[in-house]
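These notes are about the structure you will find just below.
For this chain, numbers begin at 1 and follow the sequence in order.
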Amino acid sequence: MRALKYLFLALVFYSAPLAAQVQPAAPMGMLDQVVSKVTSREKQEMQMIRKHSPLVETYIQKVRITENDGSWVPDGDHYFIGRAEFGKGLDVKSLPAPGDDSLRHVLSTLTNLFDFGTEFLPQGFLQMVYLDSNGLDTQNYNFDYVRREFLGEVRTLVFDVTPKKKAGKGRFIGRIWVEDQDYTIVRFNGSFSGHEYSSLKFHFDSWRVNAGPNLWLPAFIYSEEKTATVPLLRSQTFKAQTRLWGYDVGQSRKEEELSQVLVESTTPVIDQSKTNNDLSPVQEQRAWVDQADDNIIERLERSGLVAPKGEIDKVLNTVVNNLEVTNNLDIEPEIQCRILMTSTIESFSLGHTLVLSRGLVDVLPDEASLAAMLAKEMGYVLTTRKRVDTRMAFYDRLKFDDRKIFSHFDFERKPEEDAAATAKASELLKNSPYKDQLGVAEMFISELVDRARQIPNLISPRVGDASLIKLSVASKTGEGESARHIVALPLGGRVKLDPWSDTLTLLKAQAVGTVADREKMPFEVTPFMLYLTRVGSESPKASQLGVNSYSGN
């Protein structure tokens, strides 16, 4: 029996302060020489980006502004995930969920286009990875030096950029941050000055992160807009986050394994031929099922949809261990946890592997709430024991296009299975070390249910299901105490994403103190403010790449 490991929330759930330090100084060299280097480097950057096909995820929240305190409340949403094909320009291919090819979905898409215009098309958000894909130069733009500024550990030169009168529509207007070693644009904030067929503008804040020498990857884009009132279009306020990852799609890790030098053991080889190494038919059947499970997880990881094993998996495994030990469980094979990369709030179990989405981990307020989510998935393992399609044990069955991946893997459970898992989860939690801390978990579930109509696409699963909204942990918190708690974090509240390697780590930050009600923002979209670093930096902060947020309570 494994030893019981208690986690402490203060050590596990942190978030990162990412305030930029401004240190005014004189610009480097002559302005025209610097601008020439910037525009030349941007052309090289675009050529580099065209070699990659990362995953692109955009989540849009339409919002309404409350009258009492002016806070923004979600009022409908849209979600898109696909694979960019930069080699073909700004092309992106959707990864449709099961049913997305239905007539209802097509009509819904046309309705959204009619209501909100072309800005809500995926390509509209993807174009924000470039300032100008055709003509970022002094013939089309004026560059005005502003100051030096630190973005995290990266010193930058700041310029205001405005298109010239005869530059034409669709040009960038705003501010850029240029790192001062190779003159790569690492951040740009502004809008495009009118589209070809309309006068609509689209404001955004686009960030790139360093993945190696001269390798800066478009990774995070925040958008916020109130669309203009024009014929056939309704005025609409919205906020949106776009994330790009999967640039490497796991290839470097495989190549590193291949290039490792293996030294044979100096100890004598033991002849195992006389030991009991053969498997019984029952053991062979179990191994076959395990192979199918492993194939699916490997396929999801290779496509960039499941994160490589890492820090957050260990945290989840420790919580599972706590639940097992206090319930006198000895589960074989051992339960393992993995993270689905999407922002959608969902979970599923595959054999003895529990999978929570990054979006779900992002918004959980504390460790007890995390335990409640894992207990629900453990409930499926202990009661349903649903077997995966063993045809997936044949490797050739996983040789399909990524655009069909969600239709191949669907882990939704039946109502009777959900009821049995919910009952088992409640039993596990009653005997767990979290039994006296479940009030916030109950409030989290209640808040999620209350906001279901406002954020339907955020809780619409792509692979698993959203049955966690039916979970009851049988622990209530009074209204007075409830007002003091943050019952759910905004998106990006827990997890840092490395767009090159797909690794996920927990945010680490100082507490921000008292949080006003309008700052709690459960399940909401918030801006990105990154702490930029250079890969290979010897600074102890070199691994800190994340989004500004706050701790749970």
Side-chain angles (χ1 to χ4, degrees), residues 52-59 79-84 92-97 122 125-126 209 211 217-221 240-253 296-316 336-350 353-364 370 373 377 398 402-411 457-466 489 491-507 523 525 528 545-547:
H52 298 282
S53 297
L55 286 173
V56 181
E57 179 193 63
T58 295
Y59 177 60
Y79 179 83
F80 171 84
I81 186 169
R83 188 170 295 282
V92 58
K93 302 298 183 184
S94 173
L95 304 183
F125 288 90
L126 190 60
V209 300
L217 306 174
F220 303 96
I221 305 169
Q241 289 181 344
T242 296
R243 290 177 171 84
L244 295 92
W245 72 86
Y247 282 92
D248 190 40
V249 196
Q251 293 305 311
S252 65
R253 293 188 297 275
I296 292 174
I297 291 294
E298 180 183 355
R299 179 66 177 86
L300 289 169
E301 182 176 344
R302 288 184 65 85
S303 67
L305 290 170
V306 165
K309 291 183 178 180
E311 170 189 324
I312 299 181
D313 301 329
K314 295 177 181 178
V315 172
L316 270 58
Q336 296 292 326
C337 298
R338 301 297 295 272
I339 301 295
L340 185 70
M341 296 286 284
T342 62
S343 293
T344 49
I345 297 175
E346 58 183 297
S347 61
F348 65 92
S349 55
L350 179 64
T353 300
L354 314 184
V355 183
L356 303 186
S357 66
R358 174 183 53 80
L360 176 56
V361 177
D362 255 343
V363 297
L364 289 171
L370 174 62
M373 302 302 110
E377 291 306 321
L398 295 117
D402 278 355
R403 284 177 286 178
K404 300 180 180 179
I405 195 164
F406 290 136
S407 62
H408 280 269
F409 303 137
D410 184 7
F411 303 104
N457 287 291
L458 188 63
I459 59 175
S460 295
R462 294 281 151 162
V463 182
D465 67 25
L489 301 182
L491 294 179
R494 293 292 184 203
V495 180
K496 295 188 294 187
L497 165 64
D498 185 322
W500 177 258
S501 65
D502 295 354
T503 54
L504 301 176
T505 54
L506 289 171
L507 293 169
F523 310 111
V525 167
F528 295 113
L545 170 63
V547 182

Ring geometry between Phe220 and Phe528 (parallel below 30°, tilted from 30 to 60°, perpendicular above 60°): tilted
Results of ring-ring contact (aromatic ring centres under 6.0 Å, His included) for Tyr79 - residues two or more places apart only: none
Any residue meeting side-chain contact (heavy atoms from CB on, under 4.5 Å) with Ala219, in chain and number order, not counting sequence neighbours: Val209, Pro499
Where Ser349 and Leu354 come nearest, the two heavy atoms and their spacing: CB-CD2, 4.0 Å
Listed partners of Lys404 passing salt bridge (Lys or Arg N to Asp or Glu O under 4.0 Å), at least two apart: none
Residues that Thr353 engages under side-chain contact (heavy atoms from CB on, under 4.5 Å), provided they are two or more places apart: Ile297, Arg338, Val355
Qualifying residues under salt bridge (Lys or Arg N to Asp or Glu O under 4.0 Å), relative to Asp362, sequence neighbours excluded: Arg358
Stepwise side chain to side chain contact (heavy atoms under 4.5 Å, CB included) check, Met341 with Leu300: CA-CA 10 Å; Met341 296 286 284; Leu300 289 169; over 6 Å; no
Partners passing ring-ring contact (aromatic ring centres under 6.0 Å, His included) against Tyr59 (at least two apart in sequence or in another chain): none
Partner set under side chain to side chain donor-acceptor pair (under 3.5 Å) for Asp313, not counting sequence neighbours: none
From Leu491, Leu489, Ile345, residue fulfilling side-chain contact (heavy atoms from CB on, under 4.5 Å) relative to Phe523: Ile345
CA sep, side-chain torsions, deciding dist, call: Leu350, Phe409, side chain to side chain contact (heavy atoms under 4.5 Å, CB included): CA-CA 10 Å; Leu350 179 64; Phe409 303 137; over 6 Å; no
Short side-chain donor-acceptor distance under 3.5 Å, Glu57 and Ser343: yes
Non-neighbouring partners of Thr242 that pass side chain to side chain donor-acceptor pair (under 3.5 Å), sequence neighbours left out: Thr58
